[in-house]
Amino acid sequence: MDKSGVTRLSRREFLKAVGAGVVAASIGSVASSFAAGEGTRGAGNERSGENVYYVEFEIDAERDRERYEYYKSLGLLIERDGKICVANPLLPDRCMTYVKPYEEDRFELLPPGADEDFYAKCVRCGLCYYACLYEGYYAIRLVGVEGGLERVGTPIVPDVMHYPCTLCMKCTIVCPTGALREVKPKEVRMGVAMIDPDLCWAWNSGECYSCAKACPFGTEVFEFTFNEWGVHTRVRPEKCTGCGQCVSACPVNGSAIHVLPREEYERRAKNFKNTGMSYEEYLELILRTERENPEKATFRAMIVNSDYIINIRGIVSEKVVETLETENEES
Ligand code: SF4
Ligand code: SF4
Ligand code: SF4
């Protein structure tokens with residue numbers, strides 16, 4: 001128990017407790033009535049006219065009385081548009097928010113080697129599609145008539161969660177027009193992976209290297225900041241290929257790391273989750289709070305976000321990779 005009265009479990013104890021169906025001590029029995037994937041998942045708080053890619057941590061005071069009383073006792077509830085939500089301890093007048101599950105935040109990416117002149121050069125032959133299929137990856141699909149005249153028959157990579165690109169580069173080799181340019185795997189720029197630090201286990205007291213381990217370029221793409229609130233995994237946007245191999249590796253249901261087209265990444269990075277702060281500023285705010293205000297940092301990571309990640313969104317503890325070292329390096 002620390003001085004704020006919060007029982008602090010190590011990440012291992014925490015995940016073990018969850019795996020055993022025991023609710024984290026600091027949350028009490030509140031969470032046990034929530035199955036993974038229920039609760040605030042889904043929209044319901046999307047404001048018209050905005051491309052809102054996150055959900056707020058709403059609480060239904062009637063249906064979820066215990067959780068409501070719990071957060072009320074902590075002074076962490078705020079009311080917005082007639083709804084009650086858990087406040088972000090770092091931005092107390094704002095609801096805590098989480099990126100939607102990948103299925104609701106999925107983008108159609110262009111295959112490796114596609115440049116600005118891709119649509120002018122692609123003759124819709126489908127050879128890239130067959131090459132990918134033949135290799136057994138099925139990452140590429142062809143746009144149907146619903147895609148409109150300009151795009152029909154062109155290749156896309158629509159679902160990197162289930163069919164990531166392995167960067168085998170066969171599609172670029174078979175492309176007869178150079179619409180998919182032959183580039184080195186490292187030079188591929190299909191999109192950029194973005195981690196939601198409020199949903200990522202590694203930013204909320206955990207040690208998780210699952211995405212970095214799945215990434216073909218590992219620490220060339222990923223970097224870390226270590227302290228007692230986690231390993232704070234980051235993607236270097238300029239190095240990321242957008243292959244999506246990290247997405248399904250994430251143990252958080254719906255994944256805390258999503259691949260976005262570069263323009264969408266930049267849009268989000270400029271004003272992250274409508275906080276008025278850039279993505280980098282938001283990450284720095286978390287790290288600064290951890291250095292300067294440990295109590296607030298504990299509320300954010302160990303109480304609010306751990307409750308949401310574990311008890312509402314759900315986390316598959318078996319998928320958490322706790323080291324970057326390989327078995328050979330360990331022995
Ligand atoms: S590089 Fe390989 S896996 Fe990726 S889209 Fe092309 S053929 Fe498919
Ligand atoms: S961070 Fe993800 S999308 Fe980017 S190169 Fe690594 S595995 Fe691919
Ligand atoms: S795999 Fe998911 S939880 Fe783990 S560090 Fe990456 S984004 Fe965070």
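Atoms considered below: every heavy atom in the structure, side chains included; atoms not considered: hydrogens, waters and symmetry mates. Only a predicted model underlies this, so the values are computations on that prediction, with no experimental measurement involved. Indexing begins at 1, ligand by ligand and atom by atom, following the structure's order. Along the sequence shown, residues are numbered consecutively beginning with 1.
A salt bridge links Arg268 with Glu264: the distance from a Lys NZ or Arg NE/NH1/NH2 to an Asp or Glu carboxylate oxygen falls below 4.0 Å. Glu284 and Arg234 are joined by a salt bridge, as a carboxylate oxygen and a charged side-chain nitrogen come within less than 4.0 angstrom of each other. For the pair Asp196 and Lys273, the salt-bridge criterion is met [side-chain N within less than 4.0 Å of a carboxylate O].
In this structure, Gly244 has a heavy atom closer than 4.0 Å to ligand 2. Residue contact annotation: Pro164 has no non-hydrogen atom under 4.0 Å from ligand 2.
The Thr241 neighbourhood of ligand 2 comprises atoms 4 (Fe), 5 (S), 8 (Fe), with distances under 4.0 Å to a heavy atom of that residue. Listed by number with element, the atoms of ligand 2 under 4.0 Å from a non-hydrogen atom of Pro216 are 7 (S). Those atoms of ligand 1 that come under 4.0 Å of a heavy atom in Tyr137, given as number and element, are 3 (S). Taking a cut-off of under 4.0 Å to the non-hydrogen atoms of Thr233, the atoms of ligand 3 that pass are 5 (S). Close approach of ligand 2 to Val221 is summarised as follows: ligand atoms under 4.0 Å from at least one heavy atom of the residue are 1 (S). Taking a cut-off of under 4.0 Å to the non-hydrogen atoms of Ser210, the atoms of ligand 3 that pass are 1 (S). Residue contact check: Gly242 has heavy atoms under 4.0 Å from atoms 3 (S), 4 (Fe) of ligand 2. The Ala202 neighbourhood of ligand 3 comprises atoms 5 (S), with distances under 4.0 Å to a heavy atom of that residue. Counting atoms of ligand 1 from 1 in the listed order, those under 4.0 Å from a heavy atom of Ile140 are 5 (S). Using a 4.0 Å cut-off to heavy atoms of Phe222, the atoms of ligand 2 that qualify are 1 (S).
Atom OH of Tyr134 has 12 or fewer heavy atoms from other residues, nucleotides or ligands within 6.0 Å. Heavy atoms from other residues, nucleotides or ligands lying under 6.0 Å from CD of Glu62 number 12 at most. Around NZ of Lys319, the count of heavy atoms belonging to other residues, nucleotides or ligands within 6.0 Å exceeds 12. Around CZ of Phe118, the count of heavy atoms belonging to other residues, nucleotides or ligands within 6.0 Å exceeds 12.
Among the backbone and side-chain atoms of Cys211, none of the N, O or S atoms lies under 2.8 Å from atom 2 (Fe) of ligand 3.
The protein non-hydrogen atom at the shortest distance from atom 1 (S) of ligand 1 is Met169 N, 3.1 Å. If you check which protein heavy atom lies closest to atom 3 (S) of ligand 3, you get Trp201 N, 3.2 Å. Regarding atom 4 (Fe) of ligand 2, its nearest protein heavy-atom neighbour is Cys240 SG, 2.3 Å. Closest to atom 2 (Fe) of ligand 1 among all protein heavy atoms lies Cys168 SG, 2.3 Å. At the shortest separation from atom 6 (Fe) of ligand 2 among protein heavy atoms lies Cys215 SG, 2.3 Å.
Ring centroids of Tyr71 and Phe57 are separated by less than 6.0 Å, placing the two rings close together.
With a 4.0 Å cut-off on non-hydrogen atoms, Cys132 touches ligand 1 through its backbone as well as its side chain. If you look at Thr166 next to ligand 1, the close heavy atoms, those under 4.0 Å, come from the backbone and the side chain alike.
Side-chain contact of Tyr98 with Asn305: a donor-acceptor pair under 3.5 Å is present, judged by distance alone. For Asn204 and Arg300, the side-chain atoms include at least one donor-acceptor pair closer than 3.5 Å.
Shortest non-hydrogen contact noted between Ile140 and Cys171 is CD1-CB, 3.8 Å.
Across Phe222, Trp203, Trp201, a single residue satisfies ring-ring contact (aromatic ring centres under 6.0 Å, His included) together with His232, and that is Trp203.
Relative to atom 8 (Fe) of ligand 3, the option among Pro197, Ala193, Cys200 with the closest non-hydrogen atom is Cys200.
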